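Right, one structure below, let's go through it.
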Amino acid sequence: MDYKQVVADALAPALTGTLSAEDIYAKIERPKDVNKGDYAFPAFTLAKTFKKAPQQIATDLVKQIDTSQFDKVEVVGPYLNFFLDKAAFSAQILGQVLTEGADYGQNQSGKNGNVPIDMSSPNIAKPISMGHLRSTVIGNSIAEILKKNGYHPIKDNHLGDWGTQFGKLITAYLKWGNEDDVKKDPITNLVKYYVKFHKEDVAHPELDDEAREWFKKLEDGDKQAQQLWSWFREESLKAFKAIYDKLGVQFDTYNGEAFYNDKMQAVVDELKAKGLLQESQGAQVVNLEKYDLNPALILKSDGASLYITRDIATAMYREKTYHPAMNLYVVGSEQIYYFKQLKAVLTEMGLPSAKNLHHIPFGLITVNGKKLSTRSGRIILLDAVLDDAIEMAQKQIAEKNPDLPNKAEVAQQVGVGAIIFGDLKNERMNSIDFNLAEQLKFEGETGPYVQYAHARAESILRKASGVDVPTSGAKISDPEAWETLKALADFPDVVVEALKEFEPSDVAKYAIRLAKSFNKYYAHSKILAEDAEKTARLALVKSVSTVLKEALRLLGVQAPDEM
RNA sequence: GCGGCAAUAGCUCAGCUGGAUAGAGCAACGGUCUUCUAAACCGUAGGUCGAGAGUUCGAAUCUCUCUUGCCGCACCA
């Protein structure tokens, strides 16, 4: 139920002819201070039309409205403060959460439309770093949020599995590599070969020619080249999947760059057919002047294709395969300009999904203020960070809950949860200077804090087993529960808002707010006390547990029942 | 040089479509476990919201200028 609307409806009769229903609704706000009620209407805007002081207007207004449906309506200066009927509110919201369960907050606005999401996208034969974490967890969370809004997301890992570096890799492997090492630890060893190649080719430039030849062979379908390439790819993918498993992220497709190799010519043909290609300094470009953008370079002067050619092919493929409702790209903010160009080219081509293409950028992860880079050695391995976090969680469990039965499982859930939550709780666009100690904090506004609130709720429910939790009519009068009840009621709006902004952090902040209000309630009220409201309180606890778990799920974070 | 993003407490960040004394977490200091998990709760202290101008009854929030930092600016992805 929309309680803001209830307030607006109450005000409407007194303001007919002055403000439209929509205007009234838009003016209503939530006081920051809890003591000033649940909703407030400021009378400033009416001062001109009524030619009276706002304070006076507020005083007059309150006399004209039906206040019976509220606990009270107060005039404080120029504000009308509305206090909702707590008993009715609690019965309504708890009934709804308990009836709907995990479906609470679900809406169908997406009409099951397909939404491919370009995300994670590590490069074959290179390690997954903290930089990939952001794309992976943001994309994964947006996928869950999409589902909650009735869309059908398709998580696509657009692997970097093609390019001249494979010529170098093959050359290096044949010279210095061996099969067992690659099988044992593919990423480390493949990177080693790659780095060695770059060291050696300074003194032996003929290596570059060899590499070029190998890449040419690969493109021409040479058997040995193909075999090595697909082997490197498989071994890398195995290593990647181990990390994705740890993170709890699955993909629907792994349509990497190689997948589009045979779809590139069609792009060039179509651009030509539509008269969009122009020659410029020997290269083929699409002029984007009318979008106030630099020309997009489609073919190099040597005729080779580029990243954007591949992305156009990808967009065309997705259009044909999915008829997407939206087309999302979770890629770093350094590519904002590039995606403007891509969208402009696709718009020029008349691709229907171009207008629903959204680049979802995020801030850079840096170390000591500097950009990560494999070559310079400034790299933070995601796997190592996850392991550190899991180990830290193990220590915490040993200290705080040594009798916990499934320690290893919970340590993983808590450790990984801390890392994911830590990444998602801040606005996407904030850049992050990596700090391991900061990532491993389990106190305050963190993933474990939310998980802990959930585990406490579950603990109470276990202790109360045998008591029937009512799914309707649960009224709570305890004022300590009020913030928690209101937070529960906000969840459906958060689901909508988070999608609108593509902001998982909205959900993370919400989870903290709900957990915090519940922890406070928990500290001040004895839930299992034997009195008339006990079952109502249990209804609240059950509702909190349900919604916390669901909010964490939308972030890709697990919620253990005990920790 | 042009464009984008950012600047709020010692540190990390919230602050919704402009609204009532600018809020959290961490760190500091003090308090709360014989009672539902203290990974928690309560309190104290801490800010000329980068600077300046403008719009407005009202600006951390909108506009402009400036400063600082990061990112990008066709043959990488």
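Treat the numbers as computed from the prediction; the structure is a model and nothing was measured. Hydrogens, waters and symmetry mates are skipped; everything else that's a heavy atom, side chains included, is used. Sequence lines set the chain letters: A, B, ... in the order given, protein chains first and strands last, and positions in each chain run from 1.
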[X] [atom1] to [N] [atom2]: how many Å, rounded?
X: A:Ile365; N: B:rC71; atom1: CD1; atom2: C1'; answer: 15 Å
X: A:Lys520; N: B:rG25; atom1: NZ; atom2: P; answer: 9 Å
X: A:Glu334; N: B:rG3; atom1: CD; atom2: P; answer: 21 Å
X: A:Ile28; N: B:rU17; atom1: CD1; atom2: C1'; answer: 14 Å
X: A:Asp433; N: B:rA7; atom1: CG; atom2: P; answer: 16 Å
X: A:Lys340; N: B:rC71; atom1: NZ; atom2: P; answer: 18 Å
X: A:Asp506; N: B:rA14; atom1: CG; atom2: P; answer: 11 Å
X: A:Lys425; N: B:rU12; atom1: NZ; atom2: C1'; answer: 7 Å

Looking at A:Phe518, does the NZ or CZ of A:Arg456 lie under 6.0 angstrom from its six-membered ring centre and within 45 degrees of the ring axis? no
For A:Phe41, does the six-membered ring have the charged nitrogen or CZ of A:Lys27 within the cation-pi criterion, i.e. under 6.0 angstrom from the centroid and within 45° of the normal? no
Expressed as a whole number of Å, how far does the [atom1] atom of [N] sit from that of [M]?
N: B:rU44; M: B:rG23; atom1: P; value: 13 Å
N: B:rG1; M: B:rA59; atom1: C1'; value: 33 Å
N: B:rU34; M: B:rC49; atom1: P; value: 46 Å
N: B:rG47; M: B:rA9; atom1: C1'; value: 5 Å
N: B:rG58; M: B:rU21; atom1: C1'; value: 15 Å
N: B:rC76; M: B:rG15; atom1: P; value: 40 Å
N: B:rU61; M: B:rC16; atom1: P; value: 11 Å
N: B:rU12; M: B:rG30; atom1: P; value: 26 Å

Can you find a pair of side-chain heavy atoms, one from A:His359 and one from A:Ile336, that are under 4.5 Å apart? yes
So, is B:rC71 syn or anti if syn means the angle is within 90° of 0? anti
Return the polar atom pairs (N/O with N/O) between nucleotides 57-64 of chain B and the protein under 3.5 Å, or none.
{"unit_1": "B:rC57", "atom_1": "OP1", "unit_2": "A:Lys48", "atom_2": "NZ", "d": "3.0"}

Could you check whether the rings of A:Tyr329 and A:Phe339 sit parallel, tilted or perpendicular, using 30° and 60° as the cut-offs? tilted
Look at the rings of A:Tyr307 and A:Tyr338 and say which category their plane angle falls in: under 30° parallel, 30 to 60° tilted, over 60° perpendicular.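 A:Tyr307 and A:Tyr338: tilted rings.
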Check whether the ring centres of A:Tyr317 and A:Tyr260 lie less than 6.0 Å apart, and answer yes or no.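 Yes, close enough.
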Any N or O donor-acceptor pair linking the side chain of A:Asn430 to the base of B:rA14 at under 3.5 Å?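 There is none.
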Ignoring hydrogens and angles, are the base of B:rC75 and the side chain of A:Ser301 linked by a donor-acceptor pair under 3.5 Å?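 Answer is yes: a donor-acceptor pair is held.
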Can A:Ser280 and A:Gln278 be counted as having a side-chain donor-acceptor contact under 3.5 angstrom?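 A:Gln278 and A:Ser280 do not have a side-chain donor-acceptor pair below 3.5 Å.
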Any chance the side chains of A:Asn426 and A:Ser505 put a donor and an acceptor closer than 3.5 Å?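 Distance-only check fails for A:Asn426 and A:Ser505.
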Would you mind telling me which of A:Gln335, A:Arg428, A:Glu334 makes a side-chain contact (heavy atoms from CB on, under 4.5 Å) with A:Pro361?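 That would be A:Arg428; it is the only one of A:Gln335, A:Arg428, A:Glu334 passing the side-chain contact (heavy atoms from CB on, under 4.5 Å) with A:Pro361.
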Less than 4.0 angstrom between a side-chain N/O of [X] and OP1 or OP2 of [N], yes or no?
X: A:Tyr449; N: B:rC41; value: yes
X: A:Arg456; N: B:rA38; value: yes
X: A:Lys371; N: B:rG72; value: yes

Looking across every strand, which nucleic acid part, if any, lies under 4.0 Å from A:Phe442 by heavy atom: base, sugar-phosphate, or nothing?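 Base contact.
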When you match A:Gly160 and A:Tyr337 each to their closest nucleotide on RNA chain B, which lands nearer the 5' end? A:Tyr337
When the nearest nucleotide of RNA chain B is assigned to A:Ala40 and to A:Ser280 on a heavy-atom basis, which residue is associated with the more 5' position?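 The 5'-side residue here is A:Ala40.
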Please write out the pairs of protein N or O atoms and N or O atoms of nucleotides 26-31 of chain B separated by less than 3.5 Å, giving the distance to one decimal.
{"unit_1": "B:rC26", "atom_1": "O2'", "unit_2": "A:Lys441", "atom_2": "NZ", "d": "2.8"}

Helical stems, RNA chain B - three or more consecutive Watson-Crick or G-U wobble pairs below 3.5 Å: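 B:1-7 with B:67-73, B:10-13 with B:23-26, B:28-32 with B:40-44, B:50-54 with B:62-66 - these are the stems of 3 or more pairs that involve RNA chain B.
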Measuring from the side chain of A:Leu306 (C-beta onward, heavy atoms only), which nucleotide among B:rA39, B:rC36, B:rA77 has the closest atom?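 Nearest nucleotide to the side chain: B:rA77.
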